[in-house]
Each structure stands twice: as structure tokens, then as C-alpha cells.
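Report on one structure; see the data block that follows.
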Amino acid sequence: KKSSCNGKLLSKPDSYNIFIVVITLLDLFITILCITSISFTIHTYRRAYNLGKAMGEFYQKKLQIKLSWWERRDLFSTWSLFTFFSDVLLILGSIIKILLQYNVFFDAICVRILLGSALIVQAGVILRYFSFFKQLSVLTRTLSAASPELVKFLLCTSLLYFAFALCGLVVFGPYDEMFSNFGNSVEILFALINGDSIWLVFRAFDSRDFAIYIYSRFFVYSFIFLFIYAVLNLFTSLVKSSYDNSLSTDRATINEVRRFVFSGPLTQNGVALRDVTRVEKYVEPELILAHRRRRKNSIGDLD
């Protein structure tokens, strides 16, 4: 006689209960660490905000210049923002995981998504410490330099990309599953950019109407020429130029924030941060004002 099992245990061993307790304590410990990290991050941003206000008052009173918060953005660390986001994900994931262990109804997929996303973000935060070594900070410096231009470039190209996706949905949707909905259309075009499924797309419309056959060739050829030969090469050239610039850029790149922190009245002749950024001299407020006047005059000459 065969016996059947529905997969449920009538009783659990003591070792299993001990394991659950240990895992719960570990999750609580991680949650406490993340809450502590969030408090430090909030404190850092509060001090950066106060320093930004002091910087604005310094420029307003000493130099008669009104600075925008965008010019003071370097006071706020982007890495700290990523750390804050990662800590929030870890806290939510750990709490839901604890509730799941004690049979409180939650979807386990949420825990996997939260903890997995937190690991990716936290791994990116760890890259920050490679920036202190010139040989190891190529990736972070290149991405930091290329990000503004890449965002603008992707915004422009995404308009064309989604236009092609909508065109494929409208024209080829009734004829093949690859373009049956907008999501499939976006995915197959992304595969075409990476050189995949080109032969399948060509063959998908061989037995269709002659007009669809001709238009499909025009559609695929134009998309490949535009996005593979033009867009991808321009994207690579932007990254390459940012990489070349990052090799010649020192950590002590001059901007308004560095002129402010190396001014004599604030840092006692620049001693406070001189050793950290390897700057040999501080900047006087008069030199700041002179530099801004020279920059405005040079812009006026170009006009």
C-alpha cells in the first residue's frame, strides 16, 4: 500500500526552531545597523544643508554674489543618497522576512526583490571607496563624468526608439507575435540593437502580403542603420571622451564648493582640507571674485 504526503510536517525538530531564532536575531541586528546608518545619513545631509546656507551667506556678504543650490550641489554626497535607499530596502526586506518566518501572510517575492535590489545598490556604494585610488576609480570617475551627457543623449534617442516600437506594434502587430503588444515590440527592438533575432525578424514576414514584406525590410534596415551604426557608436564615443577626460582630472577639480572650503576665513588658511585633497595652497575670497569676473568677461568676449 502506497502512502501519500501533502508536503506538510506535523512537527518540526528543535534544531529548526533554533535556526529560526538565530536568523531572526540576525535580521534584527541588520535592521538596527540600517537604522543607525540612516540616522548618520540624515545627520550628514543636515550638516551639508547648514554648510550650504553658510556658503550662500559668505558669497552674498563677502563677494556680493548670489549662489544657487545647484552650484552648491557638491556639498551633498550622492553616495549617501544611495546608502539611504539601500538601507530602506534592507529594513523593509528584513522586517517582511521576519514576519514570513512566523507565518504572517506576505508574498515571498517581495522579500527577494527588496533584498536583491538592496544588494545591487549597496555594491554600487562600495565602489565609492575605490575612488580614493586613482588606478581603481576609472569606472566611477568615467560614469560620473559621462552621466549628464548620457542622460541627455538617451532622452533624445528614446523618443526615436519608442516611435519605432509603436510603429512595429501598429504595422506588424496583427501578423506576428513579436510585435503583438507594446512590450514585445520594445523587447524585440532591444534584441535587434544587440544583434539578436535579426534573421528571425526578416523571416517572420516572408509569407505575408507584398506590402508588409517590403515595409518590414525598410523598417528593419532603417532601425539597424540608425541605432546600431549611429546611436551605439555615438554612445560609445561619449563614454570614451569621458574616460579620456577622467584620466586627466584630479580629485581637486576647481569648482565653487572647493573655492569656498579653501577660502582663508573658513578653513584657517586652508589647512583643514589641504592634506585630504592634496592641494598645496588655499584660495582667498578676492581670488574667487577675480576668477568669476574673468570667466564672465571671457564669456562676453565669445559672444
Side-chain angles (χ1 to χ4, degrees), residues 27-59 66-97 110-134 136-156 158 235 238-239 242-243 245-246 249-262 266-267 272-273 276-277 279:
D27 290 333
L28 290 175
F29 177 70
I30 292 174
T31 303
I32 293 173
L33 286 181
C34 291
I35 293 174
T36 305
S37 176
I38 288 176
S39 64
F40 285 137
T41 303
I42 294 174
H43 179 68
T44 300
Y45 270 87
R46 184 180 62 83
R47 296 192 63 180
Y49 175 76
N50 293 333
L51 183 59
K53 289 178 60 178
M55 180 179 178
E57 294 174 357
F58 175 81
Y59 271 73
K66 186 176 181 180
L67 286 181
S68 64
W69 279 102
W70 179 253
E71 294 178 291
R72 292 172 269 182
R73 66 187 184 278
D74 289 339
L75 293 172
F76 302 91
S77 174
T78 308
W79 299 107
S80 299
L81 185 62
F82 285 131
T83 303
F84 178 85
F85 182 63
S86 175
D87 291 335
V88 171
L89 293 178
L90 281 174
I91 291 173
L92 294 177
S94 299
I95 292 175
I96 296 176
K97 184 172 176 290
C110 296
V111 179
R112 297 189 181 99
I113 293 175
L114 290 172
L115 295 181
S117 302
L119 290 175
I120 293 176
V121 176
Q122 196 63 42
V125 173
I126 295 175
L127 290 176
R128 171 190 183 183
Y129 300 100
F130 288 94
S131 62
F132 295 102
F133 305 94
K134 190 172 184 180
L136 302 177
S137 61
V138 175
L139 178 61
T140 55
R141 286 187 287 118
T142 301
L143 292 179
S144 298
S147 295
E149 297 299 326
L150 290 181
V151 170
K152 298 174 185 177
F153 180 75
L154 291 176
L155 285 176
C156 295
S158 62
F235 187 89
L238 287 176
V239 177
S242 299
Y243 170 75
N245 293 333
S246 66
T249 303
D250 191 26
R251 289 177 59 203
T253 304
I254 297 300
N255 53 29
E256 297 300 333
V257 172
R258 289 192 178 275
R259 292 190 189 99
F260 172 66
V261 298
F262 285 105
L266 181 67
T267 61
L273 298 177
V276 177
T277 53
V279 174

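Positions are given from 1 along the sequence.
Here D87 contributes atom CG and T36 contributes atom OG1; the two are 9.5 Å apart, rounded to the nearest 0.5 Å. Here the CG-CG distance, from L28 to L33, works out to 11.0 Å after rounding to the nearest 0.5 Å. Within the model, atoms CD1 of I95 and CG of L90 stand 11.0 Å from one another, a figure rounded to the nearest 0.5 Å. Rounded to the nearest 0.5 Å, atoms CD1 (I38) and OG (S86) are 9.5 Å apart.
Within 6.0 Å of atom CZ in F76, more than 12 heavy atoms from other residues, nucleotides or ligands are found, so the atom counts as buried in its surroundings.
The minimum heavy-atom distance linking E149 with L238 is given by the pair O-CD1, 4.3 Å. Nearest approach of T142 to V239, heavy atoms of both residues: CG2-O, 3.9 Å. The nearest pair of heavy atoms linking V121 to F82 is CG1-O, 3.3 Å. When every heavy atom of W79 is checked against every heavy atom of G124, the shortest pair comes out as CZ3-O, 3.0 Å.
For the pair T31 (side chain) and I91 (backbone), a donor-acceptor distance under 3.5 Å is absent. Remark: the backbone N or O of S37 is paired with a side-chain donor or acceptor of T41 at under 3.5 angstrom.
Residues L119 and L115 have side chains not in contact (no heavy-atom distance under 4.5 Å, counting atoms from C-beta outward). Under the 4.5 Å side-chain criterion, counting only non-hydrogen atoms from C-beta, L81 is not in contact with F85.
For the side chain to side chain contact (heavy atoms under 4.5 Å, CB included) criterion with L89, the lone passing option out of S94, C34, S117 is S117.
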